[in-house]
Structures are given as structure tokens and as C-alpha cells.
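Reading through the C-alpha cells given below for one structure.
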Amino acid sequence: MKIIEKPADWPADEATAIAVQDELRTRVVLDEPGPPPSSGLVTGVDVAYDDERDVVAAAAVVLDAVTLDVVEEATAVGRVAFPYVPGLLAFREIPTVMAALASLTRDPGLVVCDGYGRAHPRRFGLAAHLGVLTGLPVIGVAKNPFVFTHAELGPRRGDVAALLADDGEEVGRALRTQDGVKPVYVSVGHRTGLDNACAHILALTPRYRLPESTRRADRLCRRALIEATA
DNA sequence: GCGACAG
DNA sequence: ATCTTGTCGC
């Protein structure tokens with residue numbers, strides 16, 4: 001399979017990457033509610049790394065939002081496009097993620113990715129970045145609160161608490177997806193509302209803490225990395 | 001000034 | 001993200 005290289009104009013240092021974020025962030029659309037939950041298609045994306053070989057594998061798995069059945073899968077393998085810097089995660093993996101999305105034969109519908117959208121130091125995390133570059137509705141789901149804080153939330157599935165920035169803005173939501181488990185952190189990326197995003201994530205977590213979409217994508221990209229590395 | 005810090 | 005054994009629990 002072809003190796004996805006980073007674009008020729010890809011940022012080479014942190015200062016340039018931050019400048020790119022500050023330019024692209026103006027194109028995020030936040031006033032659309034997005035697709036209603038439990039309808040249409042939902043596509044999970046995830047990546048796996050082999051830092052030794054500088055390789056990243058991305059997977060996109062399309063699910064039927066009602067049955068959660070897999071409708072289509074796609075993978076792409078690329079070169080790691082940027083070092084890991086908190087706040088600049090998107091620059092590592094976006095070219096390869098976009099290649100995986102582009103090789104799908106149908107519209108991905110709503111995209112769910114690991115990490116953050118608006119819950120980001122400059123309000124432009126991976127989910128927002130991916131949304132602006134693809135034009136698709138995207139939401140971000142992370143496993144920890146990063147630099148943000150939230151009040152304690154109830155112990156039951158569906159309980160929520162606002163994820164707050166220093167200035168008091170609600171940049172996302174801590175959402176309990178199963179009774180008694182650690183919450184996940186949901187934030188909108190592009191062309192979706194926070195209420196809708198949380199409803200989608202609840203619909204995608206009938207059994208486990210993490211959405212079915214990311215669990216499927218996680219397994220697939222790990223498999224793709226092993227096959228590409230072998 | 002020094003850490004901490006999505007994946 | 002990734003490196004990794006056993007262990008607790010449904």
C-alpha cells in the first residue's frame with residue numbers, strides 16, 4: 001500500500017503549527033446542531049504509531065448509527081508528520097487520517113475521533129482541525145480532561161458535568177457512559193452541537209466506556225500497523 | 001522559571 | 001500512543 005507523506009507545505013516547527021491553527025480556527029462552524037443521534041451513519045477514526053519506524057496507521061470505520069453494525073472500513077498508512085506536542089496532536093496524524101476517510105466509498109456522516117475539538121488551549125483540537133479540512137461534522141472524545149476541570153458528576157450512565165476552561169467557558173462535557181466508570185470527555189469539533197454530540201456518544205456506548213466507533217477503529221488501525229510493519 | 005499536558 | 005504480568009471480576 002502507498003505510504004502517505006506529509007504535504008509539502010506542512011508545518012515544520014511549533015510556531016508555524018500554532019500560526020496555522022490560529023488561521024484555521026476562524027473557519028470552524030459552531031452554530032449547526034449536527035446530525036440527530038441514532039440516525040444515519042457514524043464514522044470512527046483512530047491511529048496507531050510505530051515511532052521507531054516513524055509510521056502511523058489510520059483507520060476509519062463506518063457504523064450504522066441505529067444498529068451499530070459495521071457498514072464499511074478503510075485504512076491508510078503514512079509517515080508521522082510531526083512530533084508529539086500537547087496541543088499540536090493533529091499535525092501528527094491528520095494527513096493519514098484524511099487519506100483513510102477519502103478512500104471510503106460513501107459519505108462518512110458524523111465523524112467521531114479521539115482527542116478534543118473545542119476543548120483545546122486555542123479551541124482548535126484534532127476534531128476541529130479534521131472538521132475544517134474535510135468539511136464534515138466531527139466530534140472529539142478523549143479519555144482524560146487535559147488542562148480542563150469539571151465538577152464531580154453523578155455515578156450513573158448519562159450523568160454529565162460541564163468541562164470548563166479558565167475563563168469559565170464550557171468547552172466540552174464530562175460524560176459518564178457506564179454506571180460507575182470514569183467519564184469520557186466530549187467536545188464538538190465542527191458543525192455539531194454539544195447536546196447532540198453527547199447524545200451520539202451515549203448511543204454509541206451501550207456496553208463499554210468508549211464509543212463502539214472508536215473501539216472498532218482502534219482494533220482496525222492496530223491491525224493495519226502490524227501488517228504494514230511486518 | 002518549572003512542570004503538566006489529547007494521542 | 002507504547003512498553004508489559006498477573007490479577008480481579010462478570
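Side chains are part of it too, since the values below use all heavy atoms of this structure and drop only hydrogens, waters and symmetry mates. Letters go in sequence order (proteins before strands), and every chain restarts at 1. Predicted model, so just to flag it, every value in this text is computed and none were measured.
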Would you name the heavy atoms of [X] and [Y] that are closest together and state the gap between them?
X: A/Val85; Y: A/Glu14; value: CG2-OE2, 3.7 Å
X: A/Ser213; Y: A/Leu204; value: OG-CD1, 3.7 Å
X: A/Ser38; Y: A/Ala203; value: OG-CB, 3.6 Å

Rounded to whole angstrom units, what separation is found between the [atom1] atom of [X] and the [atom2] atom of [N]?
X: A/Tyr116; N: C/dA1; atom1: OH; atom2: P; answer: 13 Å
X: A/Asp46; N: B/dA6; atom1: CG; atom2: P; answer: 15 Å
X: A/Asp54; N: C/dT2; atom1: CG; atom2: P; answer: 15 Å
X: A/Arg222; N: C/dC3; atom1: CZ; atom2: P; answer: 8 Å
X: A/Arg92; N: B/dA6; atom1: CZ; atom2: C1'; answer: 12 Å
X: A/Glu93; N: B/dG7; atom1: CD; atom2: P; answer: 10 Å
X: A/Tyr49; N: C/dA1; atom1: OH; atom2: P; answer: 10 Å
X: A/Phe148; N: B/dA4; atom1: CZ; atom2: P; answer: 18 Å

At 4.0 Å (heavy atoms only), tell me whether [X] reaches a base, stays on the sugar-phosphate, or touches nothing.
X: A/Gly140; answer: nothing
X: A/Leu88; answer: base
X: A/Ala119; answer: nothing

Can you get from A/Val77 to A/Met98 by hopping between Ile, Leu, Val, Met, Phe, Trp and Tyr side chains that sit under 4.5 Å apart?
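No.
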
Side chain of A/Leu225 only, heavy atoms from C-beta on: which candidate in C/dT2, B/dG7, B/dC5 is closest?
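Out of C/dT2, B/dG7, B/dC5, the nucleotide with an atom closest to A/Leu225's side chain is C/dT2.
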
N or O in side chain of A/Lys143 less than 4.0 angstrom from B/dA6 OP1/OP2
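Checking B/dA6 against A/Lys143, no side-chain N or O comes under 4.0 Å of OP1 or OP2.
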
